[in-house]
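To start, the structure itself, in structure tokens.
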Amino acid sequence: MITPKSLEEVAGYVEKGNHIFFFTADWCGDCRFIKPQMPEIERHFSEWTFVEMDRDAYIDLAAEWNIFGIPSFIVIKDGKELGRLVNKDRKTKEEIEQFLTKTIQQ
């Protein structure tokens, strides 16, 4: 999983390639719940690069992208958003994998 250091780096991931943005925060209990499962989820979708976005570090971007609940996921391929799983609910590994499978196979 990539952790970007700047908005410019984030913009590069948005513009080109297959990326799944994972919005999270250290204080978020539901984020801490799913984080140990992320390596396995990443292995199942190895053709995609996961980008971990600290919601607090990128609060303006989160607001621009309408990320008002975390953990949240946005799938972007070559600048086009394919889908989003954005809400404040706790997410299970199975829910995330179902969302990604459905979204990527469009």
Side-chain angles (χ1 to χ4, degrees):
M1 188 168 315
I2 296 170
T3 304
K5 306 279 188 264
S6 68
L7 280 173
E8 292 78 15
E9 187 178 352
V10 173
Y13 298 135
V14 170
E15 291 171 13
K16 187 162 176 64
N18 299 334
H19 295 94
I20 298 168
F21 291 82
F22 168 44
F23 282 83
T24 185
D26 289 340
W27 52 263
C28 170
D30 292 338
C31 300
R32 287 194 308 267
F33 171 79
I34 198 59
K35 206 159 197 178
Q37 316 257 345
M38 291 304 297
E40 189 173 342
I41 293 171
E42 287 182 79
R43 279 193 296 278
H44 288 147
F45 300 93
S46 59
E47 67 280 5
W48 291 78
T49 302
F50 284 72
V51 181
E52 182 174 344
M53 302 289 297
D54 181 317
R55 202 277 323 249
D56 294 340
Y58 294 98
I59 193 73
D60 292 338
L61 181 64
E64 183 180 326
W65 286 11
N66 295 314
I67 307 294
F68 295 111
I70 53 175
S72 287
F73 296 84
I74 297 183
V75 179
I76 298 179
K77 180 175 184 168
D78 295 330
K80 181 179 182 222
E81 182 179 316
L82 301 182
R84 56 177 44 222
L85 180 59
V86 176
N87 58 48
K88 62 182 174 58
D89 299 333
R90 176 174 282 193
K91 293 157 187 73
T92 66
K93 176 179 171 283
E94 293 75 22
E95 288 172 316
I96 295 165
E97 288 180 337
Q98 287 174 1
F99 158 74
L100 292 174
T101 299
K102 184 179 100 178
T103 301
I104 291 168
Q105 293 179 350
Q106 291 181 1

Taking atom [atom1] of [X] and atom [atom2] of [Y], what is their separation to the nearest 0.5 Å?
X	Y	atom1	atom2	result
F68	N66	CZ	CG	5.0 Å
R32	D26	CZ	CG	8.0 Å
T103	I96	OG1	CD1	12.0 Å
F33	K91	CZ	NZ	11.5 Å
T24	I67	OG1	CD1	12.0 Å
D30	T92	CG	OG1	11.5 Å

Hey, could you give me each pair passing salt bridge (Lys or Arg N to Asp or Glu O under 4.0 Å) that has a residue in residues 52-80? Not counting sequence neighbours.
-> K35-E52

Compute the ring centroids of F22 and F73, then answer whether they are less than 6.0 Å apart.
-> yes

Would you please name every residue forming a ring pair (Phe, Tyr, Trp, His ring centres under 6.0 Å) with W48, sequence neighbours left out?
-> none

Treating Ile, Leu, Val, Met, Phe, Trp and Tyr as nodes and any side-chain heavy-atom pair under 4.5 angstrom as an edge, say whether F23 and Y13 lie in one connected cluster.
-> yes

Is it possible for you to say whether I70 and L85 belong to one hydrophobic cluster, with membership spreading through side-chain heavy-atom contacts below 4.5 Å?
-> no

Per the ring-ring contact (aromatic ring centres under 6.0 Å, His included) rule, which among Y58, F50, W65 passes with F21?
-> W65

What I'd like to find out is whether the side chain of [X] reaches to under 4.5 Å of the side chain of [Y], using heavy atoms alone.
X	Y	answer
T101	Q98	no
T49	N18	no
S72	R84	no
E42	I20	no

Determine the minimum heavy-atom distance between E95 and R90, stating which atoms define it.
-> OE1-O, 3.7 Å

Work out which heavy atom in E97 is nearest to a heavy atom in E40; give both atom names and the distance.
->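 E97 and E40 have their closest heavy atoms at OE2-O, 4.5 Å.
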
